[in-house]
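Per chain, numbering begins at 1; letters A, B, ... match sequence-line order. Hydrogens, waters and symmetry mates are skipped; everything else that's a heavy atom, side chains included, is used.
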Protein chains: 2
Amino acid sequence: MSDQSFASRPTLEAVAARAGVSRATASRVVNGSEGVRAALAERVRRAVDELGYVPNQAARTLVTRRNDAIAVVVAEPETRFFADPFFAQQVRGISKELTAHDNQLVLLLTEGAADYQRVGRYLAGGHVDGALLFSLHDDDSLPMLARRAGVPTVIGGRPGWSDADTLYVDCDNRGGARDAVRHLLGLGRRRIAHIAGPLDQTASVDRLDGFRDVLPDNDPRLTAEGDFTPDGGAKAMAALLERCPDVDAVFAASDVMASGALRMLRTSGRRVPEDVAVIGFDDIVSVSEWTDPPLTTIRQDIEEMGRMMARLLLRTVAAPAANGTETPAPAPIVTPTQLVRRASA
Amino acid sequence: MSDQSFASRPTLEAVAARAGVSRATASRVVNGSEGVRAALAERVRRAVDELGYVPNQAARTLVTRRNDAIAVVVAEPETRFFADPFFAQQVRGISKELTAHDNQLVLLLTEGAADYQRVGRYLAGGHVDGALLFSLHDDDSLPMLARRAGVPTVIGGRPGWSDADTLYVDCDNRGGARDAVRHLLGLGRRRIAHIAGPLDQTASVDRLDGFRDVLPDNDPRLTAEGDFTPDGGAKAMAALLERCPDVDAVFAASDVMASGALRMLRTSGRRVPEDVAVIGFDDIVSVSEWTDPPLTTIRQDIEEMGRMMARLLLRTVAAPAANGTETPAPAPIVTPTQLVRRASA
DNA sequence: CTGAAAGCGCTAACAA
DNA sequence: TTGTTAGCGCTTTCAG
């Protein structure tokens, strides 16, 4: 009965009338512009309160062309998105940064290629000022979609193509992988296997490359491809064990896969790290600290990378269209990694 | 260089011009209204293609007052939101249903009370046509916020207050809990413990009530409160074990907590189910099938409940303001639960 | 069946 | 400092 959904919300006009000023002045007060006499401003603010006025975003956007909203698009079925703590952490960082800048995060889930059209429409529809793209595969069409939509974009992870003005944030996957393998080597291991991620993603390829940098002549049977899930890790481990029962160390391209590998190792009766040393990648604490034994891994600061992505995008969006100011042009960011030693290697 | 972000997107006006019709006609075609001669319609469509026209949502919303977007607000820190597969499944169902109706899902994360203001502004700003509220605690102010914003709302889980026109979707928590306890009883267990969820949420209270329905005189020391995390489950189990070493069965208010309890039970040297039978709630397959041993549990169809919430809300939003048609008034939904027997009880 | 015209609510020049 | 005046791009009566 006292439901407001039908009572149309008050407009700026109403506020102005009540405060006895013009719409322009009311607008100035609402938007915090300088140069409104304190007395008037106060009257307007009171009117706003009394009427419960809230600006109509559509109207505002129509003229300012800003939404104060950023889309996060994940090229991954929801199942994986939610199952993988990696995304959670990244989104967390993004969310914090956006919130701090009064921007809304709009999460767009894509279950498959069919959803790309919808996402394309959404981006082109001008709902958001920019987009953060995630988990791209090979020649994913998402970036082009965003580009065509005219929406500034920052990509999570190095994209598969080279292109001067593509912005992204990634960690030093290759260097991290090298550190991992060297650590294993330093432990005296000689039959070192690698469980790679899906090779249609650059992170996987880069980590594999790092592995090969250190072990260029490694037995090719000591490399198996997983899919960044625990199960994938377990299956890869099983295959590795089958092919090379003498394996004495494993570098998994993610903690999540490492946890699966650990499980499989136990099933097969191997002790970790005595028989087989295991090292992961990511340092997702909720995984790496809870495996048995706790996981030695290569740390990347995922949440911080999320924040960086958001910051980068926000700066791009706000870019004053190359006016005289010497704002350094936004550039891709590659963060360092760090070995975290626990019990598994 | 060929970047489009500066080339302003084509407007309906441009499309109309190119097709040699009026803006009105172009609009009709774009929105699929009846009654435009096929030939003209075709010309318009071609113009749309050639220009790559996409309607400006802000402009459209300004006049139609519809957004075709629904907010999902989770009253839970992101950490938990992402860590708990329960949310993932629910969001999945929602997302599917919304997508099927060409609605966008806008996920609003709230890290704490401070974010409520932001959410309130967002809802009141008219960004969305409705809101789905989740994981409400006690006298959460979110529903009132939404109400004040004039945004139709559906709540996930029975709210803590009674109110004729509050829409929600929940499962039969109390009945499910009764089934769980009876099952344990049927197994011959007599020292049955309960790990409750946070008691500021109705789901927890309802499950506890169900437990008590069957075991009204149970030793109060056999009840401990958890927090819906694995750790919380483990800690609660530890407390239980400490207080009543003779416990021979546990009903945990969620699978996630049950998994923690299982871990603690193993640590303490108990065999499951021989020494202690364990039953969970939810049937989150990725948890219940993977614990050791696999978890007997009370199943609720979480994804379907998500869909139902979305459907309910969409129907409410589209409600033709009580015209003559005899659309049944939307009402809360309570779904049944079902015992799924695995190895733990 | 089609077009002309009137706004939706707001911001941003431009005047005063 | 404040008000007046144009629109932003679209939908939707209302005539024709």
ask   = So does B:Arg60 get a side-chain nitrogen or oxygen closer than 4.0 Å to the phosphate oxygens (OP1/OP2) of D:dG9?
value = no

Minimum-distance nucleotide to A:Asn56 side chain [options: D:dC10, C:dT11, C:dG9] = C:dG9

query = Can a side chain N or O of B:Arg23 be found less than 4.0 Å away from OP1 or OP2 on C:dA4?
reply = no

key: Nearest-Å distance for atom pair CZ/P, residues A:Arg9 and C:dC8   = 17 Å

task = Kindly say if B:Thr25 contacts the phosphate of C:dG3, meaning a side-chain N or O under 4.0 Å from OP1 or OP2.
result = yes

task = If the plane angle is over 60° it's perpendicular, under 30° parallel, otherwise tilted; pick one for A:His127 and A:Tyr122.
result = parallel

note = 5'-most contact on DNA chain D (nearest-nucleotide basis), A:Ala24 vs B:Ala58, goes to A:Ala24

task = In whole angstrom, give the distance that lies between atom CZ of A:Arg66 and atom C1' of D:dC8.
result = 16 Å

Side-chain N,O (A:Arg28) to OP1/OP2 (C:dA12) below 4.0 Å = no

ask   = Which nucleotide, D:dG3, D:dC10, C:dT11, lies nearest any side-chain atom of A:Val21?
value = D:dG3

request  = Ignoring backbone atoms, test whether A:Ser22 places a side-chain nitrogen or oxygen under 4.0 Å from the OP1 or OP2 oxygen of D:dT4.
outcome  = no

ask   = Between C:dT11, D:dT2, C:dT2, which nucleotide has the shortest distance from any of its atoms to the side chain of A:Thr64?
value = C:dT11

message = Quick check against the 3.5 Å criterion: does B:Asn103 have a side-chain atom that pairs as donor or acceptor with the backbone of B:Ala69?
response = yes

query = Does the A:Ser135 side chain pair with the main chain of A:Glu76, one donor and one acceptor, at a distance under 3.5 Å?
reply = no

